[in-house]
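What follows is one structure encoded as structure tokens, with my remarks underneath.
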Protein chains: 2
Amino acid sequence: MEKTDALDSLSALAHDLRLDTFRLLVRAGPEGMAAGEIAEALQIRANTLSNNLTILAAAGLVRSAREGRSIRYFARMEQMRDLLGFLIQDCCGGRPEQCQPMLDQLSCPC
Amino acid sequence: MEKTDALDSLSALAHDLRLDTFRLLVRAGPEGMAAGEIAEALQIRANTLSNNLTILAAAGLVRSAREGRSIRYFARMEQMRDLLGFLIQDCCGGRPEQCQPMLDQLSCPC
DNA sequence: TCCATGTTTCATGTAATAATGAAATGATGG
DNA sequence: CCATCATTTCATTATTACATGAAACATGGA
């Protein structure tokens, strides 16, 4: 991942509503959620959500697909993985002795 | 890590100069770098850097220590680890089957 | 075809963010 | 204790991000 893509993703996630939206979609999994369902769940206006979904989509963190009248949104886990990869690579830059101990402490809560 | 802390860290990193600064400090390792050295390396004004170092410090991503006339800055890897942990936990929320494959693809470049 | 539903686009006002020059602070060596 | 160096603080200005109401667009059903 390029630095500019990482900046886009970080900016997209560095926003209360967008972080909530992304987390919600991650939890929704492969079925995704319709824009209306998201707005309902997060108690926000349709157009505010739409603007922020556009920003998440531009950053590659979500994708959309029309389904009848509504439009479903899905979290793009690949992008999330690439972002984590970028941040980790960032930390390692030539200094494995600093990076590895950090990663060892990182455990997946699964 | 709390969501509000994660948002602070994400906001702090979602800025070209601050991301560069943080990466530089990570690479500098435990010796850290004086503010003047950072400004020199990144070719930016002292006060611009100072403002952005303050933001990084408020987010917990760097710490500082005076050393003679200059002030040294250090990357706080714990905070970075916690942020990564938050983002990963975020992705797992109740859905290990989605999270684990992602993590398996994540390898440390060390 | 016409209407209702779901979502996005547009225009606008406002608030937050960012960089800058100038001045102030703090620390050191002479 | 003075001069100097390193860094921060302050005030100002420009830019950008944000939420909103109103209007537009697309789809499916009567």
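Quick note on labels: first sequence line is chain A, next is B, and so on, each numbered from 1. As a basis for the values below, the full set of heavy atoms in this structure was taken, side chains included, without hydrogen atoms, waters or symmetry mates.
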Which salt bridge (Lys or Arg N to Asp or Glu O under 4.0 Å) pairs, counting each pair once, include a residue from residues 61-75 of chain B, with sequence neighbours left out? B:Glu37-B:Arg72, B:Glu67-B:Arg72

Quick check: do B:Leu13 and B:Leu83 have side-chain heavy atoms less than 4.5 Å from each other? yes

List in numerical order all residues of residues 3-15 of chain A for which some heavy atom is under 4.0 Å away from an atom belonging to DNA chain C. none

Are the side chains of A:Phe22 and A:Met80 in contact, using a 4.5 Å heavy-atom criterion? yes

Please check if A:Leu53 and A:Ile71 belong to a single hydrophobic cluster, counting links between Ile, Leu, Val, Met, Phe, Trp and Tyr side chain heavy atoms closer than 4.5 Å. yes

With side chains defined as the heavy atoms from C-beta onward, is the minimum distance between B:Phe86 and A:Leu19 less than 4.5 Å? yes

Over how many whole Å does the gap from A:Asp16 atom CG to C:dA16 atom P extend? 14 Å

Please confirm whether the shortest side-chain N or O distance from A:Tyr73 to OP1 or OP2 of C:dT8 is below 4.0 Å. yes

Can you work out whether B:Arg66 or B:Leu17 has the more 5'-proximal nearest nucleotide on DNA chain C? B:Leu17

Rounded to whole Å, how long is the line connecting atom CD1 of A:Ile44 with atom C1' of C:dG6? 15 Å

Can a donor-acceptor pair be found, under 3.5 Å and without considering hydrogens, that links the side chain of B:Arg81 to the backbone of B:Arg76? no

Passes side chain to side chain contact (heavy atoms under 4.5 Å, CB included), A:Leu17 versus A:Thr21? Steps please. CA-CA 6 Å; A:Leu17 169 59; A:Thr21 302; 3.7 Å; yes

Contacting residues from residues 46-60 of chain A, given that a heavy atom lies under 4.0 angstrom of DNA chain C: A:Ala46, A:Asn47, A:Ser50, A:Asn51

Quick check: does any side chain N or O of A:Thr54 sit under 3.5 Å from a backbone N or O of A:Ser50, one acting as donor and the other as acceptor? yes

Between B:Gln79 and B:Val62 (side chain of the first, backbone of the second, donor and acceptor by atom type, cut-off under 3.5 Å), is there such a pair? no

Check nucleotides 28-30 of chain D for protein N or O atoms closer than 3.5 Å to its own N or O atoms and list the pairs.
from   : atom 1 : to      : atom 2 : distance (Å)
D:dG28 : O4'    : A:Arg69 : NE     : 3.3
D:dG28 : N3     : A:Arg69 : NH2    : 3.1

side-chain contact (heavy atoms from CB on, under 4.5 Å) filter on B:Glu40, not counting sequence neighbours, yields B:Gln43

Does one hydrophobic cluster hold both B:Met33 and B:Phe74, with members joined at side-chain heavy-atom distances below 4.5 Å? no

For the residue pair B:Leu61 and B:Ser9, what are the closest heavy atoms and their distance? CD1-O, 3.9 Å

Same cluster for A:Leu49 and A:Ile55 if Ile/Leu/Val/Met/Phe/Trp/Tyr side chains link at under 4.5 Å? no

Kindly point out which of C:dA18, D:dG21, D:dC18 is positioned nearest to the side chain of A:Arg45? D:dG21

Note: contacts of residues 33-41 of chain A with DNA chain C (heavy atom, under 4.0 Å) are A:Ala34, A:Ala35, A:Gly36

Over all strands shown, is B:Arg18 touching base, sugar-phosphate only, or nothing at heavy-atom distances under 4.0 angstrom? sugar-phosphate

